[in-house]
Amino acid sequence: MTTPLLAIGRGPLDLERVAGALSADPSTRPGQDGAVVTFLGLVRNHNVGRRVRHLEYEAYEPLALKAFERIAAEIAERWPSARLALHHRIGRLEIGEASVAIAARSPHRGDAFAACRYAIERVKQIAPIWKHEYFEGGDVWIEGATADPDDARARAEAERVACA
Amino acid sequence: MTTPLLAIGRGPLDLERVAGALSADPSTRPGQDGAVVTFLGLVRNHNVGRRVRHLEYEAYEPLALKAFERIAAEIAERWPSARLALHHRIGRLEIGEASVAIAARSPHRGDAFAACRYAIERVKQIAPIWKHEYFEGGDVWIEGATADPDDARARAEAERVACA
Amino acid sequence: MRVTVRLFARLRDIAGAAELARDLAPGAQATTVGDVWRQLAKEFPELAGYERSISSAVNADYARMDHVIRDGDEIAFLPPVSGG
Amino acid sequence: MRVTVRLFARLRDIAGAAELARDLAPGAQATTVGDVWRQLAKEFPELAGYERSISSAVNADYARMDHVIRDGDEIAFLPPVSGG
């Protein structure tokens, strides 16, 4: 069974599987790439002074997948030689577990680093996914960015952070 | 058997092992990190217009290990919350195989991305390792940077590229 | 016409349901996503605070508040996101 | 005094050996890494072109050309590096 490049699901994430999906994809021609950069987002035991016990992630799944596709398309436009794989986990996550796994490949390392960083920044900006934090003393929905995929300023900020 | 954080050897590289060495290291306290960034350098089938058949890597091993330790120390100084694992392979490498595997962990993703990128830039600047390229029609030793770990300009350039 | 409204994260907690079916009386003008939101905010006053920070989607595609809706549409309201 | 010289990559190819033992006559002044290099470049004229681009090490630590060497030292000459 082939692993999809873009996915959202409840099972534990496997970085090798995400990177492997990319290397096995027909878009990866053998020998063309000199760099693979991966990012793994982990659940921390602390957040703005609170002791975190666990997280619950929720998503609007069909729209989240479309957001991932959009991010991959933006990367193909901005870094034509780079390709992306991105898996996000939802449901209950314990401290230290991975919530998101991203891999980017490219002939040159600069593009792979930039594409990987850009991807996680854009996930945080436009993917319809929410984090419910259970901490010592209570729980809270984390609310970050108002999702607007057409916001050119947000996209430019993600490019800036990616050091593009 | 524990995997060292910094290593040089002839066996195939395993990204999970490099990242695992870092997560298992006592310097990693459970739950403290929110980000793991990895870099894998792969042998490409082309280089400046030449069709590459394979590479042979050679190193001055004891000095290379000291160079890796120096890079880890520079990262600890520049990004105190980030930690590094770095394995470099030597000997004959075929197209598509990994020559270097790096993992950086940190509470925040910005530091993990910067530390990982800085590490590969510094490896290319100061690690006493050489690449012998066998291509269609000949072979050539690749000569990059004159290694000088005390060159402040080179170090500043690596920080700049790391988008620090 | 009848639409399905989907709510996520704290919006869902406020409304006490992830999914609501709502009948909309046809008005003089076309009904928009914004009309659905305002009806919802009347039902659940706590939602009103989200007016400026929500995003919306129609049939699992991002859509603006002035998007005209049709019978059977699935309309989603999304508080600020926090994936990653 | 006797030292071991280690050569890498193309320097090794030029000299035809990864390791050389060399006896150095004690001069009026202390013998430096640079002295060893110049003696080697006389033996293997092709090395001379590397004068400005090599790095050097003594006992597996980077050391400058003016580093004073002692009996038994391992001196390494490193062409521009290309790891990664």
Side-chain angles (χ1 to χ4, degrees), chain A residues 13-20 22-23 28-47 51-55 81 94-110 112-114 116-121 123-124 159-164, chain B residues 13-20 22-23 28-47 51-55 81 94-110 112-114 116-121 123-124 159-164:
Chain A
L13 296 178
D14 180 337
L15 189 59
E16 289 283 347
R17 253 189 105 215
V18 178
L22 195 51
S23 62
T28 295
R29 276 165 298 154
Q32 80 183 320
D33 292 324
V36 185
V37 174
T38 72
F39 172 77
L40 211 53
L42 307 178
V43 177
R44 288 188 304 158
N45 61 10
H46 59 285
N47 185 32
R51 290 192 186 185
V52 179
R53 292 181 167 183
H54 73 272
L55 299 180
S81 71
E94 307 301 331
I95 302 299
E97 289 194 303
S99 54
V100 58
I102 301 175
R105 285 176 71 104
S106 184
H108 298 286
R109 68 187 179 285
F113 270 103
C116 188
R117 181 74 194 268
Y118 180 84
I120 181 61
E121 299 303 318
V123 164
K124 287 172 178 282
E159 286 197 15
R160 190 190 67 74
V161 171
C163 205
Chain B
L13 296 177
D14 179 338
L15 190 59
E16 289 283 347
R17 252 188 105 218
V18 178
L22 195 51
S23 62
T28 295
R29 277 165 297 154
Q32 80 184 318
D33 292 324
V36 185
V37 174
T38 73
F39 172 78
L40 211 53
L42 307 177
V43 178
R44 288 187 304 156
N45 61 10
H46 60 284
N47 185 31
R51 289 192 186 185
V52 179
R53 291 181 167 180
H54 73 272
L55 298 180
S81 72
E94 307 300 330
I95 303 299
E97 289 192 305
S99 54
V100 59
I102 301 175
R105 286 176 70 105
S106 186
H108 299 286
R109 68 188 180 283
F113 271 103
C116 188
R117 182 74 194 267
Y118 180 84
I120 181 60
E121 299 303 318
V123 164
K124 287 173 178 282
E159 286 196 15
R160 191 190 65 74
V161 171
C163 205

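Numbers restart at 1 for each chain; the letters A, B, ... are given by sequence-line order, proteins then strands. Note that the coordinates shown come from a computational prediction; the quantities given were computed from them, not determined experimentally.
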Q | Top contributor to chain B contacts, counting heavy-atom pairs under 4.5 Å, from Gly96(A), Gly41(A), Ala112(A), Pro107(A) | A | Pro107(A)
**Q.** Contact winner vs chain B - Glu16(A), Arg117(A), Glu94(A), heavy-atom pairs under 4.5 Å
**A.** Arg117(A)
Q.
Could you tell me if the side chain of Leu42(A) sits less than 4.5 Å from the side chain of Arg105(B), heavy atoms only?
A. yes
Q. So do the side chains of Phe39(B) and Thr38(A) get within less than 4.5 Å of each other, counting heavy atoms only?
A. no
Q: Taking all heavy atoms of Gln32(A) and all of Arg44(B), pick out the closest pair and write down the distance.
A: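 Reported closest heavy-atom pair: O-CD, 3.6 Å.
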Q: Taking all non-hydrogen atoms of both residues into account, name the closest pair between Val161(B) and Cys163(A) and its distance.
A: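 Scanning both residues completely, I find the closest heavy atoms to be O-SG, 4.4 Å.
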Q: Could you look at Ile120(B) and say if it's the side chain, the backbone, both or neither that has a heavy atom under 4.5 Å from chain A?
A: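 Ile120(B) touches chain A through side-chain heavy atoms alone.
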Q: Check whether Ile95(A) gets within reach of chain B through its side chain, its backbone, both or neither, counting any heavy atom under 4.5 Å.
A: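 It is the side chain, since no backbone atom gets that close.
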